[in-house]
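In what follows, a single structure is set out as structure tokens and then discussed.
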Amino acid sequence: MTAVESRPAGVLVESPGHRPFGARVKGFVALTKPRVIELLLMTTVPVMFLAAQGVPDLWLVLATCVGGYLSAGGAGAFNMYYDRDIDAMMDRTSQRPLVTGMVSPRECLVFASALTVGSTVWFWFLVNPLSAMLSLGANAFYVVVYTMILKRRTAQNIVWGGIAGCLPVIIGWSAVKNEVSWASLILFLVIFFWTPPHYWPLSMKVKDDYERVGVPMLPVIAGNKAVAKQIVLYSWVMVGVSLLLQPLGYTGWFYTAVAVLCGAFWLKEAHALQSRAKAGVTGAKLKEMRLFHWSITYVSLLFTAVAIDPFLR
């Protein structure tokens, strides 16, 4: 089934002669998934402060952020190229540039390739080769392992595919130290265990979309009670891992206090969602998006604490 054949009613396909320049620019920017990249950079920069135990070289921070945007943007564009068939069938993605025709598949593929090559070269010469290889690995993992292999085959797609979203933490550390440390691996694991309970509530909300296109997200193949149980289990492990930095000597009281308070609120929300699911609550009253929105706030506060903590020790 092609994107044209599966396009939802009401989606306008732009002809090549009716694609305004400004709208085209917005289309190419949308291919990079800017909101996702914003979250990735939120985990990258604070780790650079932790690695430097203070303010890192600001040029290095800028270079790492630009390289990270280019790399993640290339991965996002490759993802939209490969998923253009199912994007056209899902309400949540029906206005993406390839579905509307604002950007052609060929243009998207060239754009994604250019961003990937450009980001690797950028990292190699302006940051360091280790960060370049880690960035390229994250790009390849997201595109090949998650998008092409896992996403349409297993309910564990977001669990293992989420590894790509964890690597920016290690990239931030390697940019400063040119090595990988236990601190970066612990924060890698925080994001690893954060990703499923972050994304599954959204998947619960748009379950019908995924079911329509045959993508086996966990909420599609399991009931709300089973999904909520998994969310709680991953949440407890995530909070536990987040508290390992202090006993290993990487952070002090401030980060620990924020991790405890934010983790406690997260667990409260996760257990509340599980209680509603156990009671058979469905629809708007399930309030699954409360945890999704809090998850973004949680990771923002936690990594802000990572950046501030070195100044308070």
Side-chain angles (χ1 to χ4, degrees), residues 33 36-48 50-51 68 71-72 75-76 79 131 133-147 149-151 153-175 179-203 217-219 227-248 250-251 255 258-259 262-263 266-267 269-270 291-292 294-306:
K33 298 187 176 182
V36 174
I37 293 175
E38 179 182 345
L39 198 57
L40 295 178
L41 295 180
M42 174 57 73
T43 62
T44 303
V45 175
V47 175
M48 298 181 73
L50 181 63
S71 179
N79 171 267
S131 297
M133 292 298 97
L134 287 168
S135 174
L136 183 60
N139 183 302
F141 198 96
Y142 182 74
V143 175
V144 178
V145 178
Y146 171 67
T147 302
I149 298 176
L150 296 177
K151 183 174 181 178
R153 290 179 172 86
T154 172
Q156 294 297 303
N157 48 20
I158 200 65
V159 176
W160 299 107
I163 288 175
C166 305
L167 284 171
V169 172
I170 296 181
I171 292 170
W173 187 278
S174 70
E179 65 179 14
V180 176
S181 74
W182 282 111
S184 62
L185 290 174
I186 289 169
L187 290 170
F188 171 97
L189 289 174
V190 170
I191 299 300
F192 177 81
F193 290 110
W194 169 86
T195 302
H198 157 69
Y199 199 80
W200 280 334
L202 175 63
S203 300
M217 288 294 179
L218 186 61
V227 176
K229 181 180 179 180
Q230 289 295 310
I231 286 174
V232 167
L233 290 174
Y234 273 90
S235 297
W236 274 99
V237 176
M238 176 199 73
V239 173
V241 171
S242 74
L243 298 175
L244 292 177
L245 287 175
Q246 196 275 335
L248 292 178
Y250 290 107
T251 57
Y255 166 83
V258 172
C262 291
W266 176 296
L267 292 173
E269 287 293 328
L291 184 57
F292 173 78
W294 168 247
S295 69
I296 298 173
T297 303
Y298 169 85
V299 81
S300 300
L301 292 175
L302 188 74
F303 276 82
T304 298
V306 167

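Hydrogens, waters and symmetry mates are skipped; everything else that's a heavy atom, side chains included, is used.
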**Prompt:** Roughly how far, to the nearest 0.5 Å, is CG of Leu167 from CG of Leu136?
**Reply:** 11.0 Å

**Item:** Separation between CG of Leu291 and CD of Glu269, rounded to the nearest 0.5 Å
**Value:** 6.5 Å

**Request:** Taking all non-hydrogen atoms of both residues into account, name the closest pair between Val47 and Gly172 and its distance.
**Result:** CG1-C, 4.3 Å

**Asked** Just by distance, do the side chain of Thr147 and the backbone of Tyr142 share a donor-acceptor pair under 3.5 Å?
**Response** yes

**Item:** Note, Ser242 side chain near Tyr298 side chain (heavy atom, < 4.5 Å)
**Value:** yes

**Prompt:** Can any side-chain N or O of Thr154 pair as donor or acceptor with the backbone N or O of Leu150 at less than 3.5 Å?
**Reply:** no

**Asked** Is any side-chain heavy atom of Val306 less than 4.5 Å from a side-chain heavy atom of Thr251?
**Response** no

**Contact summary for Ala259 and Leu243, nearest pair of heavy atoms** = CB-CD2, 3.7 Å

**Message:** Please find the pair of heavy atoms, one from Ser235 and one from Trp266, that lie closest to each other, and give the distance.
**Reply:** OG-NE1, 2.6 Å

**Request:** Verify, without hydrogens or angle tests, whether Thr304 (side chain) and Ser300 (backbone) share a donor-acceptor contact under 3.5 angstrom.
**Result:** yes

**Message:** Between Ser71 and Gly68 (side chain of the first, backbone of the second, donor and acceptor by atom type, cut-off under 3.5 Å), is there such a pair?
**Reply:** no

**Donor-acceptor side-chain pairing of Asn79 and Lys33 below 3.5 angstrom** = yes

**Asked** Quick check: does any side chain N or O of Thr44 sit under 3.5 Å from a backbone N or O of Leu40, one acting as donor and the other as acceptor?
**Response** yes

**Prompt:** If you measure from NE2 on His198 to CD1 on Ile231, what distance do you get to the nearest 0.5 Å?
**Reply:** 11.5 Å

**Fill in**
side-chain contact (heavy atoms from CB on, under 4.5 Å) filter on Val159, not counting sequence neighbours, yields Gln156, Phe192, Pro196, Trp200, Tyr234

**Request:** Measure the spacing between CG of Leu302 and CE of Met42 and express it to the nearest 0.5 Å.
**Result:** 11.0 Å

**Inter-residue atom distance Ser184.OG - Leu189.CG, 0.5 Å rounding** = 10.0 Å

**Validation row: Leu301, Cys262 side chains within 4.5 angstrom (heavy atoms)** = yes

**Fill in**
Here the pair of heavy atoms bringing Phe141 nearest to Ala164 is CD2-N, 4.0 Å

**Message:** Given Pro168, which partner from the list Ile37, Ile191, Thr43, Val45 fulfils the side chain to side chain contact (heavy atoms under 4.5 Å, CB included) test?
**Reply:** Thr43

**Prompt:** Say you draw a straight line from CD1 of Ile163 to CD1 of Ile158; how long is it, rounded to the nearest 0.5 Å?
**Reply:** 11.5 Å

**Asked** When you look at CH2 of Trp294, are more than 12 heavy atoms from neighbouring residues, nucleotides or ligands closer to it than 6.0 Å?
**Response** yes

**Asked** More than 12 non-hydrogen atoms from neighbouring residues, nucleotides or ligands closer than 6.0 Å to CE on Met133, yes or no?
**Response** yes

**Item:** Close side-chain approach of Trp173 to Phe188, heavy-atom, < 4.5 Å
**Value:** no

**Asked** Tyr199 versus Met217: any side-chain heavy-atom pair under 4.5 Å?
**Response** yes

**Message:** Is any side-chain heavy atom of Leu245 closer than 4.5 Å to one of Leu187?
**Reply:** yes

**Prompt:** Looking at side-chain heavy atoms only, is the closest gap between Trp182 and Tyr250 below 4.5 Å?
**Reply:** yes

